[in-house]
Undergrad: 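Pasting in a structure now, in structure tokens, and then I'll have a few things to ask.
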Amino acid sequence: MPELPEVETTRKGIQPYLENTTITAVIIRHFSLRWPIANNLAEVLTNKIIHRVSRRAKYLLIEFGNSTLMIHLGMSGSLRVLDKLAQDKPGKHDHLDIELSNGHILRYNDPRRFGSVIWTSEPISQHRLIAHLGPEPLLKEFNAQYLQHQAQSKRCSIKTLIMNGKVVVGVGNIYANESLFLANIHPRAVAKSLSLIQYIDLTEQIKSVLQRAIKSGGTTLKDFTNSDGKPGYFAQHLNVYGRKGESCFICKSKIQHFKDSQRATYYCPLCQPETN
DNA sequence: AGTATCTCCTGCGTGC
DNA sequence: TGCACGCAGGAGATAC
């Protein structure tokens, strides 16, 4: 389940193979994704030169100068770079191959089909999927004052707030759980009731946990073209996520679990007290 | 406008 | 070993 660090790791992994190369062919095996792949995608991409591979939120942006291919990995999507000569047979969920002039193939795989592949000639910041997004969590504009200000007009829990893409992008369920643990904040705490001190701690923990995850993803980048295509997503040590009933590493209390907005939520009852 | 709920889909773990 | 079932989950769409 790619979160922001995984998407950024993927971006770094594919970038050297893509930039300044020409797309020579596009093979679409399954059009059905979150939104169907456009019928004319192969036609519009063929012979285009890739200028840059960037990212906004969890969207990978393959830029062509005056148009962009937006790729979202959804829940289960992945991208791999293959050597054309190796002739790797496509698997069941390999939806898309983008063949490049340098002899490589970018292959998109997505078993659960929650991802998307969208071509647009709109300025990317104005695209409907991008225009209303909050700031990137690793930039300075995402800080305690900003987040506290965002909370003032809302009555949601702090976990719901940081997972809201209009407030801040890229904080998925795993990292929301982990950063709240690290900041000793109960996930159900009412967002606007938290102090500035708590927001300072929380924003720092969000940045820190994401940065560490990106770094750990980077350590396995050299394996990016391997057949499994998985750049070590979960090498990172998790304190609470998925640890229901296990002992807290800090205080040995049993990790608790409940559902918040249909999302699995984990916390330590001692380290993250209800009231603070 | 803010908030909660629904929805897409397949693989995996569990229980029999 | 096999089957049925429930669940997970990003985030846009929809209904209040």
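Convention: sequence-line order gives letters A, B, ...; per-chain numbering from 1. Computed from a predicted model, the values in this text were never measured in an experiment.
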Undergrad: Can you measure A:W35 atom CH2 to C:dG12 atom P for me and round it to whole angstrom units?
TA: 6 Å

Undergrad: Does NZ or CZ of A:R243 lie under 6.0 Å from the centre of the six-membered ring of A:F249, at an angle within 45° of the ring axis?
TA: yes

Undergrad: Please report the distance, rounded to the nearest Å, between CG in A:D260 and C1' in C:dA11.
TA: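 To the nearest whole Å, that distance equals 16 Å.
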
Undergrad: Measure CE/A:M75 against P/C:dG12 and give the value in whole Å, please.
TA: 15 Å

Undergrad: Looking at A:H93, I'd like to know whether one of its side-chain N or O atoms comes within less than 4.0 Å of OP1 or OP2 on B:dT10.
TA: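 Result: no.
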
Undergrad: Between A:S101 and A:T22, is there a donor-acceptor pair closer than 3.5 Å when you use the side chain of the first and the backbone of the second?
TA: yes

Undergrad: Would you please determine if the base of B:dC8 is stacked by A:F114, with stacking meaning a centroid separation under 5.5 angstrom and planes under 30 degrees?
TA: yes

Undergrad: How many Å lie between CD on A:Q150 and P on B:dA1, as a whole number?
TA: 15 Å

Undergrad: Using a cut-off of strictly less than 4.0 Å, decide whether A:H132 has a side-chain nitrogen or oxygen near OP1 or OP2 of C:dG12.
TA: no

Undergrad: What I want to find out is whether A:R128 reaches A:E122 closely enough, with some N-O distance under 4.0 Å, to be called a salt bridge.
TA: no

Undergrad: Rounding to an integer number of Å, can you tell me how far A:N173 CG sits from C:dA11 P?
TA: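 Checked: the CG to P distance equals 11 Å.
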
Undergrad: Measuring to OP1 and OP2 of C:dA13, would you say a side-chain N or O of A:R128 lies under 4.0 angstrom away?
TA: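 For A:R128, the contact criterion (side-chain N or O under 4.0 Å from OP1 or OP2 of C:dA13) is met.
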
Undergrad: Specify the separation, in whole Å, of atom NE2 of A:H72 and atom C1' of C:dA13.
TA: 15 Å

Undergrad: A:Y59 has a side chain; which of B:dC9, C:dG12, B:dG11 sits nearest to it?
TA: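 Output: C:dG12.
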
Undergrad: So does A:I197 have more than 12 non-hydrogen atoms from other groups sitting under 6.0 Å from CD1?
TA: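 Atom CD1 in A:I197 is not packed in, count stays at 12 or less.
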
Undergrad: Rounded to whole angstrom units, what separation is found between the CG atom of A:D110 and the C1' atom of B:dT10?
TA: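 About 10 Å, once rounded to whole Å.
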
Undergrad: Can you figure out which of B:dT10, C:dG12, C:dG10 approaches the side chain of A:R113 most closely?
TA: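 Within the option list, the nearest is B:dT10.
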
Undergrad: Taking any heavy-atom pair under 4.0 Å as a contact, classify A:L129: base, sugar-phosphate, or nothing.
TA: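 Sugar-phosphate only.
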
Undergrad: Heavy-atom count check: over 12 atoms from other residues, nucleotides or ligands less than 6.0 Å from A:Q87 CD?
TA: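 Atom CD in A:Q87 is not crowded, with 12 or fewer foreign heavy atoms closer than 6.0 Å.
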
Undergrad: For nucleotides 2-7 of chain B, list the nitrogen or oxygen atoms of the protein found under 3.5 Å from its nitrogen or oxygen atoms, one pair per line.
TA:
{"from": "B:dT3", "atom 1": "OP1", "to": "A:R155", "atom 2": "N", "distance (Å)": "2.5"}

Undergrad: Between A:R11 and A:E8, is there a side-chain N and carboxylate O pair less than 4.0 Å apart?
TA: yes

Undergrad: Counting N and O atoms only, with roles assigned by atom type, does the side chain of A:R188 sit under 3.5 Å from a partner on the main chain of A:V190, one being a donor and the other an acceptor?
TA: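 No; judged by distance alone, with no hydrogens or angles, the pair does not exist.
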
Undergrad: What integer distance in Å separates A:K244:NZ from B:dT14:C1'?
TA: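 To the nearest whole Å, that distance equals 13 Å.
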
